[in-house]
Novice: 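Submitted below is the structure of interest, expressed as structure tokens.
Remember, predicted model here, so these are calculated numbers, not experimental data.
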Amino acid sequence: MTGTVLAPAPAVPEQPGAAGLVRGVRRDRTRRTRRAIALLALALLAALAVRVLLGRYTVTAPDFVAILAGEQIPGASFIVLQEKLPRAVLGALAGTALGCAGALFRRVLRNPLASPDILGITYGAAAGAVAGTALWGLRGTAVSWTALAGALLAAVLIAGASVRLRTGGIVGERFLLAGIGVAALAQALTAALLVRLSLNSAQDAALWTAGSLNAATWDRITVLAACLVLAVPAAVAVHRALEPAELGPELAAGLGARPARSRALALGLGVLLAAVATAATGPLAFVALMSTPVATALTRGRTSIVACALVGAVVVVVADSIGAGLPAQVQLPAGVVTGAVGAPVMLWLLVRQRRGALA
């Protein structure tokens, strides 16, 4: 009897394990995030170039390089170094700070409407600035310090109203409600103080509370840049440390995370970043609110605080370019332009949140 030779069974391709799938997903997310960050960085450079080189007074690229190298070009050197470049740099720095602040607030409070714009931090800064002008007659850089004090005082009031007495932790819903209440109080105080000012002082205060880069100086830029050098790396680290907290407190604790400490530090850094940005430029409406959803859409679901910072910088620089590019009779501060763009974004977020609640 002849033996039958059986053909070997076809090889079954090895299925990747769960660890391999997770690594693949992480690689894809990291690749998309890096691509989005690179595109946003290029967009920021383009926005800065447009703001500095174009407009009512155009400057050629060779002249701009020569001015930076120290060459004196009549008219152009003053306009670039004292008007265009300071505004562009200050706008980019303020937008970076607000973008970081918005990302921190949203990750901690887990609410699409959680941002310094809505929760009273920027309104507290505005009230502090107007109080410094109306009560003590302050002008110039001194107003920035009272604005910073107003923002920090608003943050203290919000935190005091939202702390759980037994555990010392901050309750997210209370924080949101307290922030909205403090924002309303700060707006009322600002309106009451504006009535007491003279016509010229009231115009200056109204321009500041609208969010303007007109007062951009290299001194303000230096102070804001120094704050960002210290605060932004810490914000990136804390934002990354809060990722396990999104899995739940029990699992986060099992992974060795300390969500309570990280949440408190994140809120503190968010308040500081929003306060120093607002003290330098006035309240730039909705920048912090817009940055996170736009960055998340660009990275396709992953919230990167670096992407949020770049979105904030691009938004402020582009808004200042639009406002300054209008005819002289209708030129608008950057905060008015960001508010006009941010209002529809806020309505869109509200609609999305309502649909998610009904789903």
Novice: In terms of hydrophobic clustering (I, L, V, M, F, W, Y; side-chain heavy atoms under 4.5 Å; direct or indirect links), are Tyr123 and Leu189 co-clustered?
Specialist: no

Novice: I need the Leu53 CG to Asp63 CG distance, nearest 0.5 Å.
Specialist: 10.0 Å

Novice: Locate the shortest heavy-atom distance separating Ser201 from Thr133; write the atom from each residue and the value.
Specialist: CB-CG2, 4.4 Å

Novice: Start with the C-alpha distance between Phe175 and Leu267, add both sets of side-chain angles, then the distance that settles side-chain contact (heavy atoms from CB on, under 4.5 Å), and finish with yes or no.
Specialist: CA-CA 11 Å; Phe175 198 96; Leu267 286 176; 4.0 Å; yes

Novice: Any side-chain heavy atom of Thr303 within less than 4.5 Å of one from His239?
Specialist: yes

Novice: Report the distance from atom CG of Leu39 to atom CG of Leu44, rounding to the nearest 0.5 Å.
Specialist: 12.5 Å

Novice: If Ile, Leu, Val, Met, Phe, Trp and Tyr residues are connected whenever their side-chain heavy atoms lie under 4.5 Å apart, and connections chain through other members, are Leu138 and Leu193 in the same group?
Specialist: yes

Novice: Looking at Tyr57, I'd like to know if its OH atom is crowded, meaning that more than 12 non-hydrogen atoms belonging to other residues, nucleotides or ligands lie closer than 6.0 Å.
Specialist: yes

Novice: Hey, what do you get for CG (Leu104) to CZ (Arg106), rounding to the nearest 0.5 Å?
Specialist: 13.0 Å

Novice: Pick one: which of Leu213, Val316, Leu224, Leu93 meets side chain to side chain contact (heavy atoms under 4.5 Å, CB included) with Thr281?
Specialist: Leu213

Novice: Do Ile73 and Val59 make a side-chain contact, defined as non-hydrogen atoms from C-beta onward lying under 4.5 Å apart?
Specialist: no

Novice: Is any side-chain heavy atom of Phe64 less than 4.5 Å from a side-chain heavy atom of Val80?
Specialist: yes

Novice: Pick out which of Val337, Val341, Thr338 makes a side chain to side chain contact (heavy atoms under 4.5 Å, CB included) with Val315.
Specialist: Thr338

Novice: When you look at CH2 of Trp218, are more than 12 heavy atoms from neighbouring residues, nucleotides or ligands closer to it than 6.0 Å?
Specialist: yes

Novice: Please say which of Leu284, Thr278, Val287 ends up in a side chain to side chain contact (heavy atoms under 4.5 Å, CB included) with Thr122.
Specialist: Thr278

Novice: Identify the heavy atoms of Ala288 and Pro116 that sit nearest to each other, and give their distance.
Specialist: CB-CD, 3.6 Å

Novice: Show, in sequence, the C-alpha distance, side-chain angles and deciding distance for Phe105 and Asn111, and conclude whether the side-chain contact (heavy atoms from CB on, under 4.5 Å) test is met.
Specialist: CA-CA 8 Å; Phe105 270 71; Asn111 190 301; over 6 Å; no

Novice: Look at the side chain of Ser144 and the backbone N and O of Ala280, then say whether any donor-acceptor pair between them is shorter than 3.5 Å.
Specialist: no

Novice: Please give me the minimum heavy-atom distance between Val130 and Ala205, naming the atom from each residue.
Specialist: CG2-CB, 4.4 Å

Novice: Using a distance-only test with no angle check, is there a side-chain donor-acceptor pair under 3.5 angstrom linking Asp117 and Ser115?
Specialist: yes

Novice: State yes or no: do Val89 and Val223 share one hydrophobic cluster built from I, L, V, M, F, W and Y residues joined by side-chain heavy-atom distances below 4.5 Å, directly or via other members?
Specialist: no

Novice: Could you measure the distance from the CG atom of Leu157 to the CG atom of Leu153? Nearest 0.5 Å is fine.
Specialist: 4.5 Å

Novice: Which atoms form the tightest heavy-atom contact between Ile305 and Ala235, and what is the distance?
Specialist: CD1-O, 3.7 Å

Novice: Going by side chain to side chain contact (heavy atoms under 4.5 Å, CB included), Leu298 matches just one of Leu40, Thr33, Leu310. Which one?
Specialist: Leu40

Novice: For Leu119 and Leu109: C-alpha separation, side-chain torsions, deciding distance, then whether side-chain contact (heavy atoms from CB on, under 4.5 Å) applies.
Specialist: CA-CA 11 Å; Leu119 302 183; Leu109 300 176; 3.7 Å; yes

Novice: Distance from Leu98 atom CG to Ile121 atom CD1, nearest 0.5 Å?
Specialist: 11.5 Å

Novice: Taking all non-hydrogen atoms of both residues into account, name the closest pair between Arg51 and Ala88 and its distance.
Specialist: CG-CB, 3.9 Å

Novice: Determine, stepwise, if the pair Asn214 / Arg87 fulfils side-chain contact (heavy atoms from CB on, under 4.5 Å).
Specialist: CA-CA 7 Å; Asn214 288 348; Arg87 289 180 65 140; 2.7 Å; yes

Novice: Drop me the distance from Asp320's CG to Ser212's OG, to the nearest 0.5 angstrom.
Specialist: 7.5 Å

Novice: Looking at Thr296, is its backbone amide N or carbonyl O close enough to the side chain of Thr299 to form a donor-acceptor pair, meaning the two atoms are under 3.5 Å apart?
Specialist: yes

Novice: Specify the closest pair of heavy atoms between Ala151 and Ala275, including all atoms of both residues, with the distance to one decimal.
Specialist: CB-CB, 3.5 Å

Novice: Side-chain heavy atoms nearer than 4.5 Å, only ILVMFWY residues, links allowed to pass through others: does that put Leu194 and Trp136 together?
Specialist: yes

Novice: If you group Ile, Leu, Val, Met, Phe, Trp and Tyr by side-chain heavy-atom gaps below 4.5 Å, do Leu45 and Ile221 land in one group?
Specialist: no

